[in-house]
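What's counted below: heavy atoms across the whole structure, side chains too, no hydrogens, waters or symmetry copies. None of these values were measured; they are calculated from a predicted model. In the text below, chain A, chain B and the rest are named by the order of the sequence lines, each starting its count at 1.
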Amino acid sequence: MSTRPTPRVRLPATAKAGEMIEIKSLISHEMESGQRRDAQGAAIPRKIIKGFRATFNGKEVFRADWHPAISANPYQSFFVKATESGEFEFTWSDDDGSNYVAKNKITVA
Amino acid sequence: MDTLTREPTRRFALAAGALAFAAAAIAPRLAFAKPSDVEAEFAKLLGGKKPSDGRIKLDLPAIAENGLVVPLGVDIESPMTDADHVKAVHVFADGNPQPGVVSFYFTPQCGKAAASTRIRLAQTQNIVALVEMSNGSFFTASQEVKVTIGGCGG
Amino acid sequence: MISRRDFMQAAGAAAMVTGLGGGLLGKAAAQGRLTQAELLRFPATGNVTLVHITDLHAQLVPIYYREPSWNLGVGKAAGLPPHLTGQRFLSHYNIAAKTPEAHALTDQDFAELAKSHGRMGGIDRIATVIKAIRAERGNRVLLLDGGDTWTNSWTSLQTKAADIVDVMNALKPDAMTGHWEFTLGEARVEEIVKALPFPFLAQNVRDTDFEEKVFEQRRSFERGGVRIAVIGQAYPYTPIANPRWMFPKWTMGIREDDVQKQVDEARAEGADLVVLLSHNGFDMDRKMAGRVKGIDVILTAHTHDALPQVLSVGKTLLVASGSHGKFVSRLDLDVRDKQIKGFSYRLIPVFADAIAPDPEVAALIARHRAPFAQDLGRVLGKTTGVLYRRGNFQGSFDDVFTDAMLEVRDAEISLSPGVRWGASLLPGQDITFEDVTNGCAMTYPACYRMQMTGARLKEVIEDVADNIFNPDPYFQGGGDMVRVGGMGFTIDPTKAIGSRISGMTHLKTGQPIDASRNYTVAGWASINENTQGPPIWEVVEQFITARKVIEPRPLDAVKVVGV
């Protein structure tokens with residue numbers, strides 16, 4: 001990939017205690033399935049993001065294992081129940097060992 | 001040439017481009033997963049247990065707009081308490097080169113066992129989900145998604 | 001709750017307006033004339049009037065439009081309206097043969113009746129109808145446009161819909177939704193919508209990033225003291241039926257749960273009446289009416305069905321207002337206590353010779369057409385028979401398109417999309433460039449030429465057949481079968497995908513189509529980007545100009561079995 005994958009996350013900056021918030025995320029990545037062949041017939045090696053993990057104040061709240069059937073520029077949404085103010089950390093794990101990270105703060109009143 | 005490409009290869013794009021009714025994801029067929037491959041994946045997760053039907057709602061289009069980007073949502077009824085929650089949902093496709101699609105792992109902190117992503121479907125096929133509950137029980141549901149050549153809209 | 005009796009009474013009133021032995025128009029027809037007063041006569045009811053127009057396909061001026069001879073219903077819809085044609089349609093609605101209504105609604109005696117009753121539609125005539133309703137009903141009127149309004153005429157193609165948008169604005173609609181509109185491309189649609197003096201409603205169009213709404217989803221109106229929520233539903237399968245690359249940032253889909261959510265939100269906000277302004281297509285709407293709770297009225301579109309009575313599913317009323325400007329639907333509702341207590345309905349046929357054109361709108365139309373007059377009026381040839389499009393299978397005008405491609409593009413087989421738009425021509429009529437473009441003016445007109453195996457041809461035709469004859473309406477695309485030149489086949493619509501089509505025969509040689517052989521195929525309206533070839537209207541123009549006279553032949557290349 002010519003450019004480093006860029007994550008984008010959408011979640012409310014503030015929430016009421018007990019409120020269910022939806023977190024939506026996207027990351028730019030081709031998700032090369034490993035099943036394609038190039039013009040010469042040679043297999044194009046697999047290179048996907050295989051894992052997504054969300055923690056809140058250091059504790060895991062949601063995780064996903066992605067297979068090659070996940071679309072390019074993978075999207076992931078899920079819910080979290082707001083209980084206290086703090087910080088989300090989102091980590092995307094690439095086949096090549098790289099991790100891409102995004103952090104978002106939320107204030108819970 | 002395979003079906004789970006990010007973009008159609010040039011040869012395919014040319015052929016399909018000339019068609020009145022062009023496909024996003026239809027290409028010469030290689031080996032695809034079979035329903036029995038999904039059953040084998042299920043067996044690994046179930047460890048001899050039997051899943052029940054229901055409790056999970058799959059949110060998938062009847063017809064995919066684009067076989068390369070098919071929205072997939074799961075929503076499972078659960079109180080999501082420490083004692084009673086959804087641990088995971090495993091999703092498989094029985095007509096892709098590999099059966100595995102995605103696994104979602106929830107915690108009680110989620111408050112709601114719902115998640116969505118976007119997936120690639122090589123052809124018309126069934127999407128099958130297996131829900132793993134905190135008490136060790138399992139639920140399953142499936143839905144067919146049609147991947148069409150398209151065109152010709154009135 | 002609407003009592004059964006209320007409904008029966010209301011339905012009875014509606015039947016009196018529309019049906020009975022040729023209805024109001026019977027007498028006029030018997031006397032050999034039609035009057036505007038009779039076309040507009042209506043027993044006003046209640047406190048709200050919904051006026052619905054849809055699928056105009058940018059037809060500014062009156063046209064002939066022959067209704068289908070084939071409109072098969074499958075699954076639960078078999079034999080039900082709108083899947084009735086010809087004599088069965090007339091019997092079902094108790095309409096006498098040869099009346100103006102019979103002519104407007106069916107294919108029966110088309111050429112003969114078209115000559116005596118004249119053309120239909122014209123937005124200047126529609127303006128007259130709408131003005132009359134507004135004059136009568138004042139602030140009770142809500143005018144809703146179901147979409148497929150901005151495209152498929154030569155002038156709209158040349159002006160990127162500036163002509164039709166300007167003329168429609170003169171009607172002062174309260175809202176619209178869309179389908180073919182999207183084939184103008186994302187940027188142009190956004191530009192037009194931004195300047196529209198009324199909302200473009202589409203709850204089911206989302207961006208491909210975070211699936212956020214692109215257009216306003218719902219608008220509240222107050223008419224006659226009634227709070228009306230109008231939810232817009234664009235054609236869900238636009239990105240499948242039409243080129244997705246023209247609106248790559250938009251995704252659609254049926255989104256039934258979201259329709260329910262919109263209804264619930266509208267009710268929570270205090271709506272007295274909930275209307276779905278839909279471009280789903282009739283069968284899909286009928287299914288949705290049975291699954292989404294709390295919709296009072298669905299104004300249907302897309303499938304071009306014209307029904308002289310409303311059809312009810314549970315408590316939901318479905319209106320089908322035809323296409324090409326042939327009809328204006330008027331639905332008067334008595335809404336009290338958040339319920340429809342009664343209604344009366346009329347599918348007003350817009351007979352262009354009987355309804356006076358509104359002078360302002362007529363002038364506007366003339367102004368928009370003037371710069372293109374030379375092209376529009378250019379005579380290419382003549383037809384000896386009726387040329388028409390609409391029907392599940394090949395129409396006589398389709399034969400002109402498929403023959404033109406075979407000849408001009410030197411192909412063995414040709415494919416033409418089964419769109420339901422395109423005006424008809426009568427025996428003896430000149431064929432003008434406008435007549436041709438009324439059947440093909442679109443933003444992706446390239447007529448390609450390529451090699452395709454027999455197996456691939458079968459796959460394509462099976463795929464289209466499933467799009468039309470899948471018994472589940474949520475799997476239906478709403479067009480008609482792909483039109484084929486140079487090849488005959490047999491179709492059993494009741495079978496499953498992969499086994500509907502048989503007996504594919506190369507007509508020139510009489511040989512069965514060989515699955516493994518390559519055939520030279522020409523076609524148009526490819527949904528793929530960068531399709532190469534001349535625009536289809538050039539191909540058809542060249543063909544008609546060379547032939548001079550078009551003689552429609554029997555349409556016997558497609559054999560239908562199993563129904």
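In this structure, CG in Asp463(C) is found 8.0 Å from OG1 in Thr124(B), a value given to the nearest 0.5 Å. Of the inter-residue distances, the one linking Asn467(C) atom CG with Ile149(B) atom CD1 reads 10.5 Å to the nearest 0.5 angstrom. Between atom CG of residue Asp466(C) and atom NZ of residue Lys146(B) there is a gap of 3.5 Å, rounded to the nearest 0.5 Å.
Within a 6.0 Å radius of NZ in Lys87(B), no more than 12 heavy atoms belonging to other residues, nucleotides or ligands are found.
By number of non-hydrogen pairs under 4.5 angstrom with chain B, the leading residue of Thr238(C), Ile254(C), Thr251(C) is Thr251(C).
Neither the backbone nor the side chain of Thr303(C) comes within contact range of chain B; no heavy atom of the residue lies under 4.5 Å from a heavy atom of that chain. For Pro243(C), no part lies under 4.5 angstrom from a heavy atom of chain B. Contact annotation for Glu211(C): both backbone and side-chain heavy atoms come within less than 4.5 Å of a heavy atom of chain B.
For the pair Asp257(C) and Lys57(B), the salt-bridge criterion is met [side-chain N within less than 4.0 Å of a carboxylate O].
Heavy atoms only, all atoms of each residue included: Ala62(B) and Tyr237(C) are closest at CB-OH, 3.6 Å. Residue Glu65(B) comes nearest to Gly253(C) through the heavy atom pair OE2-N, 3.6 Å, listed as atom of the first residue, atom of the second, then distance.
Looking at Ile240(C) and Thr148(B), their side chains come closer than 4.5 Å, going by heavy atoms from C-beta outward.
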